[in-house]
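Data block below; observations after.
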Amino acid sequence: MAGGPAEWDAEAYHRLARPQEEWAREVLRRLPLRGEETVLDAGCGSGGVTRLLLERLPRGRVIGVDGSQAMIDEARSNLEQWAGRVELRAGDLLELQLEQPVDAVFSNATFHWIPDHETLFGRLRGAMKPGAPLVAQCGGEGNVAEFAGAIEAASALPEFAAAFEGWPAPYNFAGPALTEERLRAAGFDGIRCWLEEKLVEPKEPREFGAAAGLAPHLERLPEERRDAFVDAVMERLDKPIAYRYVRLNIDATAA
Ligand SMILES: C[S@@+](CC[C@H](N)C(=O)[O-])C[C@H]1O[C@@H](n2cnc3c(N)ncnc32)[C@H](O)[C@@H]1O
């Protein structure tokens, strides 16, 4: 999707994103469900977390929306057994428009990839019934600071700089106070946002970092330069490599 959301290496993400799945289990526990609702999974990725959501909805449905066609294709194959109760759509959440409003919105590890939270929250609110809960977690203020610094330094190297010139960093790590304000302005109440630190020490730190955190950067480089870019990022991280995540939790209700 030129100019919109990036394409991801969906197979690698699905194999490596165990921490994201663990965090999603905790986030899902906050979502009040009777089991018959229709729930939007905003940024459903490869479907690993969508499956957990479907397990909470024995008589319900999930609409999974994601900006990466590769992720949607991967989710379709991973969710084959649930096909009757899940609808998967490739699309930008900033342009989200559903035919019928949903009973709840869930999102994991996605909102920080979206530059405009005002528009995002407005689109989500427009897709929800009044009283519907929004429960989400994404990268927040201070997230993976060392990793982001290494990416910035690698992007400025002469061999890569042209690919990133004039391109803003693709992360939007917002804090709780600003997010609460934006949610209120978009038509939510019962709002609570807070930060939470998570340390990840993956067994395959290079592959994990590339699959979970570098998709928009790698998309800007020709295929044959991508490994060298990942190497340049990894060289700049303290060893052993650990990713210091700061997650932004969001609970709100459509007013
Ligand atoms: C780290 S993955 C998380 C996937 C899944 N929710 C999980 O927890 O495993 C982030 C996802 O957000 C999607 N994404 C990023 N920007 C988006 C946008 N503007 N609209 C829709 N999806 C977007 C990406 O394509 C990617 O699949």
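All ligand and atom numbering here is 1-based and tracks the order in the structure. None of the values given here were measured: they were computed from a predicted structure. Sequential numbering from 1 along the given sequence is applied to the chain's residues.
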What do you reckon, does Tyr13 put a non-hydrogen atom under 4.0 Å from ligand 1?
yes
Does only the side chain of Asp92 get under 4.0 Å from ligand 1, or the backbone, or both, or neither? Count heavy atoms.
both
How does Ile114 reach ligand 1, if at all, at less than 4.0 Å between non-hydrogen atoms: by side chain, backbone, both, or neither?
side chain
Any nitrogen or oxygen of Asn108, side chain or backbone, less than 3.5 Å from one on ligand 1?
yes
Does a side-chain heavy-atom distance below 4.5 Å link Leu183 with Cys193?
yes
Counting heavy atoms under 4.0 Å, the part of Pro5 that contacts ligand 1 is side chain
Candidate list Leu98, Val102, Leu40, test side-chain contact (heavy atoms from CB on, under 4.5 Å), partner Met128, passing option:
Val102
State if Leu94 counts as touching ligand 1 under the rule of any non-hydrogen atom under 4.0 Å.
no
Which is closest to atom 10 (C) of ligand 1 by heavy-atom distance: Gly45, Ala109, Gly139?
Ala109
Under 4.5 Å between any side-chain heavy atoms of Asp238 and Glu146, yes or no?
yes
Applying a strict 4.0 Å limit to heavy atoms, is Val65 in contact with ligand 1?
no
Of all the heavy atoms in Ala42, does at least one lie under 4.0 Å from an atom in ligand 1?
no
For ligand 1, which part of Ser46 has a heavy atom less than 4.0 Å away: the side chain, the backbone, both, or neither?
neither
